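I have placed the structure first, in the form of structure tokens, so that the comments after it can refer back to it.
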Amino acid sequence: WEATVIEGSKRGGVLRADRRTGPQIAPPDLWLMFAPIKKVRTDFIVEKAVELGVARILPVVTDHTNEKARQDKLQAHAVEAAEQCGGTFVPQVAEVARLSAVLDGWDDRRILFCDEGLVGTAAQLDALTPGPWAVLIGPEGGFSADERARLHAMPQAQAVSLGPRILRADTAAVAALTLWQARLGDWR
């Protein structure tokens with residue numbers, strides 16, 4: 001939008017929207033769930049998730065998560081990323097929650113579970129079907145045996161390998177989002 005500043009101060013202001021300059025482009029119904037890692041790398045994950053087109057970002061604490069993250073800081077980073085890449089949509093960043101609690105209330109949304117235990121096997125992306133999805137990336141050190149077992153038992157979860165090597169969490173997020181977008185997203 002082109003806008004005119006009506007009031008402005010250090011703490012806020014008022015704009016009058018004058019003219020729409022382009023359409024708002026919403027991303028596909030894709031969420032990213034990831035375990036926070038070191039700050040710079042967590043910021044990278046949020047930035048790339050915004051650029052690659054996710055609708056929601058859910059930081060989750062797993063059994064092996066060592067780092068903390070603040071929702072307000074991650075949301076601000078998502079806004080900056082959208083501004084930087086000319087995006088017209090800013091995904092909501094959810095409050096940090098335990099993975100087990102998130103899965104306890106899970107609905108029928110499919111989960112693309114990036115399982116480091118499958119390293120070196122085929123990704124089996126042909127089995128992915130359209131609909132709402134979430135990509136799940138584990139922490140440094142991977143998922144615990146209990147978490148992996150629970151995810152493998154979930155009918156909504158599709159475990160995939162991201163290739164012949166175990167990827168760092170930030171690289172895995174970019175790779176998985178790219179694969180999903182190429183197969184089911186708005187890149188087709």
Side-chain angles (χ1 to χ4, degrees), residues 27-71 73-82 84-85 87 89-99 102-103 106 109-125 128 132-144 147-148 151 154 156-188:
D29 193 358
L30 175 63
W31 297 358
L32 173 64
M33 295 190 295
F34 73 97
I37 52 179
K38 292 179 180 146
K39 182 191 179 321
V40 172
R41 295 192 177 279
T42 293
D43 290 348
F44 176 86
I45 291 171
V46 170
E47 178 181 294
K48 298 310 167 198
V50 172
E51 290 178 24
L52 292 169
V54 301
R56 189 167 186 223
I57 299 171
L58 294 92
V60 293
V61 176
T62 67
D63 292 344
H64 295 159
T65 300
N66 294 324
E67 300 293 326
K68 296 180 180 177
R70 287 185 37 198
Q71 184 274 340
K73 298 277 188 188
L74 296 179
Q75 187 67 61
H77 203 69
V79 170
E80 291 172 9
Q84 181 66 31
C85 71
F89 181 89
V90 178
Q92 175 206 3
V93 178
E95 288 289 338
V96 179
R98 290 214 54 85
L99 176 61
V102 171
L103 295 179
W106 202 255
R109 176 178 295 273
R110 302 292 312 268
I111 300 172
L112 185 67
F113 164 40
C114 300
D115 184 359
E116 71 278 358
L118 298 177
V119 68
T121 64
Q124 299 182 356
L125 297 176
L128 304 184
W133 279 86
V135 168
L136 174 59
I137 303 296
E140 294 170 336
F143 293 101
S144 69
E147 290 166 337
R148 289 183 67 234
L151 286 159
M154 290 180 69
Q156 305 94 321
Q158 171 73 44
V160 297
S161 167
L162 293 178
R165 290 166 289 284
I166 293 178
L167 304 176
R168 292 178 69 130
D170 50 343
T171 306
V174 172
L177 291 172
T178 301
L179 288 171
W180 188 92
Q181 279 285 24
R183 177 77 179 133
L184 296 174
D186 56 8
W187 292 10
R188 300 179 287 138

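The structure presented is a predicted model; accordingly, all values stated were derived computationally and were not measured.
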With sequence neighbours excluded, tell me which residues meet salt bridge (Lys or Arg N to Asp or Glu O under 4.0 Å) with R98. D63
Among all residues two or more places apart in sequence or in another chain, which pass the side chain to side chain contact (heavy atoms under 4.5 Å, CB included) test with Q156? W106, M154
Enter the distance from L136:CG to L151:CG here, rounded to the nearest 0.5 Å. 6.0 Å
Taking only residues two or more places apart in sequence or in another chain, which ones pass ring pair (Phe, Tyr, Trp, His ring centres under 6.0 Å) with F143? F113
Between L167 and A175, what is the shortest heavy-atom contact and its length? CD1-CB, 4.0 Å
Residue pairs involving residues 171-187 (criterion salt bridge (Lys or Arg N to Asp or Glu O under 4.0 Å); sequence neighbours excluded): none
Rounded distance (nearest 0.5 Å) linking atom CG of L74 with atom CZ of F34: 5.5 Å
Before you tell me yes or no, could you show the steps for L118 and V160 under side chain to side chain contact (heavy atoms under 4.5 Å, CB included), namely the whole-Å CA-CA distance, both residues' side-chain angles and the distance that decides it to 0.1 Å? CA-CA 7 Å; L118 298 177; V160 297; 5.7 Å; no
Side chain to side chain donor-acceptor pair (under 3.5 Å) partners of D43, counting only residues at least two apart: K39
Sorted by chain and number, sequence neighbours left out, side chain to side chain contact (heavy atoms under 4.5 Å, CB included) with A78 holds for V46, V50, Q75, V90, V93
Applying side chain to side chain contact (heavy atoms under 4.5 Å, CB included), can you list everything that pairs with R110, at least two apart in sequence or on another chain? T129, W133, Q158
Among all residues two or more places apart in sequence or in another chain, which pass the side chain to side chain contact (heavy atoms under 4.5 Å, CB included) test with E140? I37
With the side chain counted from C-beta on, respond yes when T178 and L52 share a heavy-atom pair under 4.5 Å apart, and no when they do not. yes
T171 versus L162: any side-chain heavy-atom pair under 4.5 Å? no
Side chains of T42 and E67, heavy atoms from C-beta outward: is any pair under 4.5 Å? no
Nearest 0.5 Å, what's the SG-CD1 distance between C114 and I166? 12.5 Å
How would you list, by chain and number, every residue that makes a side chain to side chain donor-acceptor pair (under 3.5 Å) with T65, sequence neighbours excluded? T62
Ignoring hydrogens, what is the shortest heavy-atom contact between I57 and P91? Give both atom names and the distance. CD1-CG, 4.0 Å
Which residues pass the salt bridge (Lys or Arg N to Asp or Glu O under 4.0 Å) test with K73, not counting sequence neighbours? none
Residues two or more places apart in sequence or in another chain: which of them pass salt bridge (Lys or Arg N to Asp or Glu O under 4.0 Å) with E51? K48
Give a yes or no answer on whether the side chain of R148 reaches the backbone of G142 with a donor-acceptor pair at less than 3.5 Å. no
Hey, what do you get for CG (L103) to CD1 (I111), rounding to the nearest 0.5 Å? 5.5 Å
Salt bridge (Lys or Arg N to Asp or Glu O under 4.0 Å) filter on R165, not counting sequence neighbours, yields none
Which heavy atom in P28 sits nearest to a heavy atom in G53, and how many Å separate them? CD-O, 3.8 Å
